[in-house]
Structure formats: C-alpha cells, structure tokens
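Start at 1 and go down the list; that is how both ligands and their atoms are numbered.
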Amino acid sequence: MATAVSAPGKVLLAGGYTVLDPACRGLVLALSARIHCVASPSLPSPSSPTAGRITVRSPQFQDAVWEYQVSPSDIDGAGVSVVQTNDGDGNPFVLTTLKYVLSYLSLPTPPSTTLTILADNPYYSQPPPPIPRFNNLPFPIKSAYKTGLGSSAALVTSLTSCLLLHFSPEHDKINNNKDGEEGGGEGLEKHILHNLAQTSHCAAQGKVGSGFDVAAATYGSCIYRRFPPSLLSTIPDPTTSPEFTKSLKNVINQRWETMECDPITLPEQIGLLMGDVQCGSSTPGMVKTVLNWRSNGGEEAEEVWKGLNSKNEALIAVIQGINNNSTDNNTSEKEEDESLTSHIHQIRATIRHLSAQTSVPIEPPTQTALLDSATALPGVIGGVVPGAGGYDAVCFLYRKNDGVEADLRRFLGEWKVENGVVKVLELGMEGGEGVRVEDVKGYADVKGYFEGVVEL
Ligand SMILES: Nc1ncnc2c1ncn2[C@@H]1O[C@H](COP(=O)(O)OP(=O)(O)OP(=O)(O)O)[C@@H](O)[C@H]1O
Ligand SMILES: C[C@@](O)(CCOP(=O)(O)O)CC(=O)O
C-alpha cells in the first residue's frame, strides 16, 4: 500500500528577522504550492538487500535519486545508521529526515521502500506557460532558481509525515483536531509531526532558523511565535551519542508550550499575488549581519527592533479586526484598505531604516520602486519584500474588485528586472489545513514519475 502526503509552502508577510526573537510574532501565510511525498514498497532488486533499503527520488530534476542503506547503530542508543550508497550529490534534508524519523520510530531495518517527491511548479523559476503539473526541469536541483517559498521546509514536513504514517501501522491519518483539544480524535498528532519536522529541518540546515516555515507547512497560515531555541540544543549528536534516541523522543513527545501558531487568514475580499523577481538572495548571510547589528547596537538598535515588532503587531491586529467585523458594515472597504495600506507603509519604512543601519538589502531600492509603483494602482493595497527580503520575490495584497488582479498582473509582466520581467507565481493563500494526506489515485496523470515501485 502506498502512502501520500503533501505540505504547503509559505510567505512571511510580516516579521522578517524579528520572528527569530521568541518575544516577537510573525504573520506567515501558507500557500497552495505544495511538496508531495509518496511512499511505496520498492520493486525487488537482485543487487540490493530487501530490508533497510530506502530510495528517494525527485524525478522532476536531473540526477535526483538518493539510495540509502539503513541499519542499527554500533552504539546502543545512538541514531539509526543511514548511509547513502549511490554516487553523486547528497541531499542533507532527505538524509537528516530519514535518520531522525527512523530513530524516533526505532526502526533500524525498514522494509525496502521508495519515496517519490513531487514539487508544485511555483517553488522554482519556470519557463513560460503552458507547463504541465510537476513540470520537469532539465537540470539538478542545485541549479534551479528558488522563489523563496520554503521548499526545504515543505519537503521535510511532507517526508516526515509520510514516513511516520507509512511505517506506523496504528495510524493511517493525521489528527486535524487542534493540538491539545480534549477528546482529541484519531490519527497521528500534529504536534509530533511538527516537532520532528522542525528538529530534522534545523539539524539539516546546520542552524536554528525561527521555524515559521515548518510551522506553516504543518499547521497552515498562522501568527507564529518561535519555540525556545535551547530546546533543540539538548539533543546530542545522532551518530556518536548513546543518549540521542532517548533525548530525541523526549523533545519530540513534549508540547512546546511557548511556541504559538494561532490560525489567521486574509480577509475574504483581499487577494494575495506573488511575483518572482528571478534574482535570488543569500538568507544566512543577511540574518547573521542583522543579528550582529542588534547584539552590538545598544539601545538604538533595540528601539528599532521593538518599533518594527509593534508595527507588525499593529498590522496583525488590523487584519484580525477586519476578519472579526466582516459582518458589520460600520467600516467601509475604503477605510479598511487605507488602514492596511498605511500599516504596510509603516512596516516598510522601518525595514528600510533597518536596511540602511545594517547595509543589508532587505528592501533594496529596486524593490522599493516596484512596490511603490504597484501600490499606486487602483485596488492594490500594498506590497512587501517578504521574509528575509532581498531579491527573491515580492508579495502584494489587493482588493478583489473587478479588474484589479488583471491590472496588477499586467503591470508586473511589464516591470523590468535584471533577468527579464516579474513573473507572477501561480498560487494562492491557504487557510489552516497545513500538512494533509493525499489520495494516491491523484497522481495517475504523472505515473511516469513513479519508477521502481510495486504499485501506486
Ligand atoms: N523537489 C525537491 N526534491 C528534493 N529536495 C529538494 C527539493 N526542493 C528542495 N529540496 C532541498 O531543499 C534545498 C533548498 O533549501 P533552502 O532552504 O535553500 O531553500 P528554500 O527552503 O526553498 O528557501 P527559503 O527558505 O528561502 O524559502 C535543496 O538544496 C534540496 O536539498
Ligand atoms: C530572516 C528570517 O526571519 C526570515 C527568512 O524568511 P525567508 O526564508 O526569506 O522567507 C529568518 C527566519 O525567521 O528563520
């Protein structure tokens, strides 16, 4: 029997950098661009042993097959051993997730299994339409231009969930009840999926990001407050420590009480449009510089940081206010739009100040020109350079009135950037669904991608 799961991508509309601080919250929207993972028994192979052989394939890309042999560790209590057996580049996100999930399950010799990964098109810059679903890109993953939608977080979350469901005979679904609710319902609890995906993702990245991307991949759109970073530093080295498995299970099975992921959506009449500016940025370097500036900047830096956080909170409050008042007519659409526009402007002004203070191009001048010109179009409420900022993508909010989206698309299609024009990413906002189980029949149109498996 095959198991299929998908998890959504993200856009951090407000809270870039400040969300790294557990005292601050960020506004993250889950996107309809998903990464799918399908686990199926592998076809028997005369050259490999049947137990402990895991093959991971990402068939949209060149040379994207990773074969692993899984076996018990020589050290009692250490993580299971997962060794790549084929040549070529490794994939740290896949390897670490396998190691952590199989150790959590205490499964050192899983049955021979193939995991097929399929990513929706908006994660990477694409040729002009029409293109098929799960378009094939004729190069390795490392040569793909990412659009900043959190491919690694969606991948790790769907792979974690797929492995847990496929190898846990007691669960065939995900429990969608809110974590911690009394009388909780059946299925694999989301906080276990989340904690395990978050831990694997941080370990694979080699740094602890705020984790808003894994939270959105698991729980959907939310107002996010980071877990305490010290939580993960208690987990010792998986290869050498006899305490690894015990410590991992302990961290995964507890509730991460101070982390918050409160559901939120954009008001119904407000649309989201994202554009790929096709240049790319290096997030880790930008984060390091901003955090150093904060550590060394004394009271002045602290004031900017707090000011930015309170402006982010104010935007969140306006969105929640519009959502709560949607049935009373006291506030006109015009007033709502003006309030949103003004709050977005204030956040951007503080971000530009932060950019100037740190010399980090969070909202570089070329993006300022693009955002300001687009915001001047009728019905366009405002736009931001999301997340870490830079040159990956832009994100706009607009009123869903006749013609507004079409005008904005036309405008972006004519706006010149270094490598051409801004390309609209074909995606929308999702609500609070997050990671979900998929029907394997839904992949019938892309059967050719599923090599080496017994059945779909
Ligand atoms: N379709 C895929 N199949 C297998 N691995 C993938 C796939 N997409 C992404 N990855 C893994 O994720 C890595 C990219 O992760 P990275 O964190 O750099 O990007 P991202 O999560 O998309 O970016 P951002 O955090 O800026 O949104 C790739 O190098 C690869 O290891
Ligand atoms: C700068 C930061 O706050 C946001 C990065 O966002 P993105 O990956 O650029 O969407 C880092 C983080 O939260 O992990």
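In this structure, Lys10 counts as a contact residue of ligand 1, since one of its heavy atoms falls inside 4.0 Å of the ligand. Heavy-atom separations between Lys146 and ligand 1 include at least one value shorter than 4.0 Å. Remark: distances from the non-hydrogen atoms of Asn91 to ligand 1 include one below 4.0 Å.
Neither side chain, His166 nor Thr113, offers a donor N or O lying under 3.5 Å from an acceptor on the other.
When heavy-atom distances to ligand 2 are checked against a 4.0 Å cut-off, Leu20 comes that close only through its side chain, counted from C-beta outward. Only the side chain of Lys10 comes within 4.0 Å of ligand 2, counting heavy atoms alone; its backbone N, CA, C and O stay farther away. Residue Phe61 touches ligand 1 through its side chain alone, judged by heavy-atom distances below 4.0 Å.
In terms of the side chain to side chain donor-acceptor pair (under 3.5 Å) criterion, His343 has no residue partners (sequence neighbours excluded).
Checked against the 6.0 Å centroid threshold, Tyr104 and Phe244 do not count as a close aromatic pair. Ring centroids of Tyr124 and Phe61 are separated by less than 6.0 Å, placing the two rings close together.
For atom 10 (N) of ligand 1, the nearest non-hydrogen atom of the protein is Leu155 CD2, 3.9 Å. Closest protein heavy atom to atom 27 (O) of ligand 1: Gly150 N, 2.8 Å. The protein heavy atom nearest to atom 28 (C) of ligand 1 is Ile141 CG2, 4.0 Å. In terms of protein heavy-atom proximity, atom 2 (C) of ligand 1 is nearest to Ser58 OG, 3.5 Å. Counting protein heavy atoms only, atom 9 (C) of ligand 1 is closest to Ser151 OG, 3.3 Å. Regarding atom 13 (C) of ligand 1, its nearest protein heavy-atom neighbour is Phe93 CE1, 3.7 Å. In terms of protein heavy atoms, atom 8 (N) of ligand 1 is closest to Tyr124 OH, 2.7 Å. The protein heavy atom nearest to atom 15 (O) of ligand 1 is Ser152 CB, 3.3 Å.
For ligand 2, the polar-atom distance check finds no N/O of Gly15 at less than 3.5 Å from any of the ligand's N/O atoms.
Below 4.0 Å from some heavy atom of Leu149 lie the following atoms of ligand 1, by number and element: 27 (O).
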Between side-chain atoms of residues 25-41 and protein atoms elsewhere (two or more places apart, or another chain), which donor-acceptor pairs fall under 3.5 Å?
from, atom 1, to, atom 2, distance (Å)
Arg25, NE, Glu313, OE2, 2.9
Arg25, NH2, Glu313, OE1, 2.8
Ser32, OG, Gly428, N, 2.8
Ser32, OG, Gly428, O, 3.3
Arg34, NE, Glu430, OE2, 3.1
Arg34, NH1, Ser6, O, 3.1
Arg34, NH1, Ser6, OG, 2.8
Arg34, NH1, Gly434, O, 3.2
Arg34, NH2, Glu430, OE1, 2.8
Arg34, NH2, Gly434, O, 2.8
His36, ND1, Tyr443, OH, 2.7

